[in-house]
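In what follows, a single structure is set out as structure tokens and then discussed.
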Amino acid sequence: MLKFLKQVGDYAKEAVQAGRYIGQGLAVTFDHMRRRPVTVQYPYEKLIPGERFRGRIHYEFDKCIACEVCVRVCPINLPVVDWEMDKATKKKKLKHYSIDFGVCIFCGNCVEYCPTNCLSMTEEYELATYDRHELNYDSVALGRLPYKVTNDPMVTPLRELVYLPKGVMDPHGVPADAPRAGSRPEDLVESGNG
Ligand code: SF4
Ligand code: SF4
């Protein structure tokens, strides 16, 4: 009988202990509910892509000299440079240029090596289509002005972590003119990171 009572006592003690642990865990969980969620509410909020973000490629037809360097440095020889020799001027005449973004890996090699800077990377990453052939951009589509997160009246642009002021971790509510941490070399020296 005594043994049985001891077992019941031990059980009750362990149950109370487990209950306390669960209570402590729930207290931490409820404490997290008091904090502001650090969630970007796409599509009404969008992060501003970084300065070196490799989005859709922009192309300027009138700058291109049809040298085909972009084709040679591309890992899959993707850009299509369609030109013919103009016998009168003895120069290459560019007829057509296209890049298929269904195949492109956005490595930026073509942009890096283009001798006339007619290629550049934009911050545009919303390229989804219902048809894969619509991703094959011709020179006109490539030359279209890119969409900018900061110019969209429907969107609240949010800064990425490295562009926030010093010590700030949450992009919500940061004023647009607040300086980012270490944007100039003297800032880096001041903060001791230089
Ligand atoms: S970004 Fe890279 S994969 Fe895409 S076209 Fe340029 S070199 Fe080719
Ligand atoms: S590297 Fe530049 S200039 Fe040469 S063909 Fe490509 S886009 Fe045109």
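Indexing begins at 1, ligand by ligand and atom by atom, following the structure's order. Numbering starts at 1 and runs along the sequence shown.
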[X] bridged to [Y] by N-O distance under 4.0 Å:
X: R54; Y: E123; result: no
X: K46; Y: E126; result: yes
X: K6; Y: D10; result: yes

Tell me, which protein residue and heavy-atom name are nearest [atom], and how many Å apart are they?
atom: atom 1 (S) of ligand 1; answer: G108 N, 3.2 Å
atom: atom 8 (Fe) of ligand 2; answer: C64 SG, 2.2 Å
atom: atom 7 (S) of ligand 2; answer: C118 SG, 3.3 Å

Review point. What count do you get for protein N/O/S atoms less than 2.8 Å from atom 8 (Fe) of ligand 1?
Key: 1
Review point. Are the aromatic ring centres of Y59 and Y97 under 6.0 angstrom apart?
Key: yes
**Study point:** Aromatic centroids of Y125 and F106 separated by under 6.0 Å
**Key:** no
Practice item. Report yes if the side chains of C114 and C70 come closer than 4.5 Å at any heavy-atom pair, otherwise no. Key: no
Check your understanding: Does some non-hydrogen atom of V103 fall short of 4.0 Å from ligand 1?
Key -> no
Exercise for review: Any chance you could lay out the side chain to side chain contact (heavy atoms under 4.5 Å, CB included) test for Y163 and R180, step after step, and finish with the verdict?
Suggested key: CA-CA 5 Å; Y163 297 103; R180 64 180 268 203; 3.3 Å; yes
